[in-house]
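Quick notes on the structure that follows.
Every number for a ligand or one of its atoms is a count from 1 in the order of the listing. What you see is a predicted model; the values in this text were computed from it and never measured.
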Amino acid sequence: MAKVLMVKGSNHYLSSAAILSPTTHFRTNPISISCSRIRFRPTTYNSVQFRAFSSQDSTSSPKDEVAARIGFLGLGIMGSPMALNLIQAGCDVTVWNRTKSKCDPLISLGAKYKSSPEEVASSCDVTFAMLADPESAVDVACGKQGAANGLSSGKGYVDVSTVDGPTSKLISTHIKSTGALFLEAPVSGSKKPAEDGQLIFLTAGDKSLYETAAPLLDIMGKSRFYLGDVGNGAAMKLVVNMIMGSMMASFSEGLLLSEKVGLDPSVLVEVISQGAISAPMYSMKGPSMVKSLYPTAFPLKHQQKDLRLALGLAESVSQPTPIAAATNELYKVAKSRGLSDDDFSAVIEALKVKLDQRS
Ligand SMILES: NC(=O)C1=CN([C@@H]2O[C@H](COP(=O)(O)OP(=O)(O)OC[C@H]3O[C@@H](n4cnc5c(N)ncnc54)[C@H](OP(=O)(O)O)[C@@H]3O)[C@@H](O)[C@H]2O)C=CC1
Ligand SMILES: O=CC(=O)O
């Protein structure tokens, strides 16, 4: 079915024709439902104990309403602005982070604080988790004082971390054994899209939780895909980031080669921006890469983690991915040179021949 949609651009709304699959949803305005108006009310529909709706929803019955309580676990580069957007939209947000000091700015803006994932989950209707990697995602969801201990029927857990499918399925099984619902929802889009509420959610799992959480996803993002069974969201995210990591490595080679043959790499960035291989990533990162500056938006260690997980995914279905394999080695070299916490564009440093390596 072809539909003309209003798709949100980075600074303005673009009118765009799109083929709308039944599982793809674009946000139709910046905050289509104000969070202060989101309520959860008991319902027996599909064993979900609550559903989100706007006070403008004609079917709402105020006497049954209770304010939605949203938990947020993991306040790093991505989690902090995502939680901030929920707070600024008027949501009742409770936060937790391993390093407590990262909670303080959000607490000063009205967030509540609990001292463990378990306490957050037990005091909230829907809890989001944005954690570094598979190990931390499992620990926060399933470990001692993990969120699962505070979950029960009627609650939901939405993991927006980038992990692999088997990890997501493990977390899902654990969460669902409590009676709660589970949605994996990794995001495409980096620090700035997180700040601007422009993320793309790649979701899979309990459809009723997807529908319940949709108004919240729409506050943090510009579009959302529902991809079916748990594991599909993780797989989509890993494929996207596998491509992104290789693109960045190839771009790095081009910048250095252009310079070696006497061209101005800044001009290369400009030439690329006008042609068919143009990508926002090159225009955004190129100018700072030329100056050997790598302000962190997407940490290099996370890009290498995603390549490693994507290679595991490819291995599981015997799909050759030689370019991703070579790219992964390059990011490993960059990590070994102490660049883990720099932006992933610092992978270019792994291609620079150091003076002491010349014969
Ligand atoms: N940055 C980006 O551009 C994007 C990142 N992602 C993905 O989102 C996730 C988060 O990324 P980002 O915010 O950049 O990462 P950060 O490294 O900034 O934040 C990681 C978060 O995980 C927490 N954490 C790490 N280890 C543990 C642990 N063992 N137990 C409990 N908490 C832990 C950190 O806590 P503490 O503060 O205590 O260290 C922090 O809250 C990753 O999976 C990443 O791949 C997805 C899209 C874009
Ligand atoms: O995972 C990183 C991103 O930019 O997306």
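Taking a heavy-atom cut-off of under 4.0 Å, ligand 2 is surrounded by S188, G189, S190, K237, N241, M244, F298.
For ligand 1, the polar-atom distance check against S190 finds a nitrogen or oxygen pair separated by under 3.5 Å. Backbone and side-chain nitrogen or oxygen atoms of I77 are examined, and one is located within less than 3.5 angstrom of a nitrogen or oxygen of ligand 1. In terms of polar-atom proximity, defined here as any N/O pair under 3.5 Å, G79 makes no such contact with ligand 1. Annotation: L131 places an N or O atom under 3.5 Å from an N or O atom of ligand 1; distance criterion only. Looking at V140 next to ligand 1, no N or O pair under 3.5 Å apart turns up. At least one N or O atom of M78, backbone or side chain, sits closer than 3.5 Å to an N or O atom of ligand 1.
Atom 19 (O) of ligand 1 has its closest protein heavy atom at G76 CA, 3.5 Å. For atom 17 (O) of ligand 1, the closest non-hydrogen atom of the protein is H302 NE2, 3.0 Å. Looking from atom 41 (O) of ligand 1 to the surrounding protein, the closest heavy atom is N97 OD1, 2.7 Å. Residue, atom and distance of the protein heavy atom nearest to atom 39 (O) of ligand 1 are R98 NH2, 2.9 Å.
Residue L75 has at least one heavy-atom neighbour below 4.0 Å for each of these atoms of ligand 1: 41 (O). Those atoms of ligand 1 that come under 4.0 Å of a heavy atom in P299, given as number and element, are 1 (N), 14 (O). Every atom of ligand 1 is numbered from 1 in the order shown, and the set under 4.0 Å from a heavy atom of A297 is 1 (N), 2 (C), 3 (O). Less than 4.0 angstrom separates some heavy atom of K305 from each of these atoms of ligand 1: 42 (C), 43 (O), 44 (C), 45 (O).
Put simply, the side chain of L199 does not reach to within 4.5 Å of the side chain of K222, judged on heavy atoms.
For K102, every heavy-atom contact with ligand 1 shorter than 4.0 Å involves the side chain, none the backbone.
Residue G189 places a heavy atom under 4.0 Å from ligand 1.
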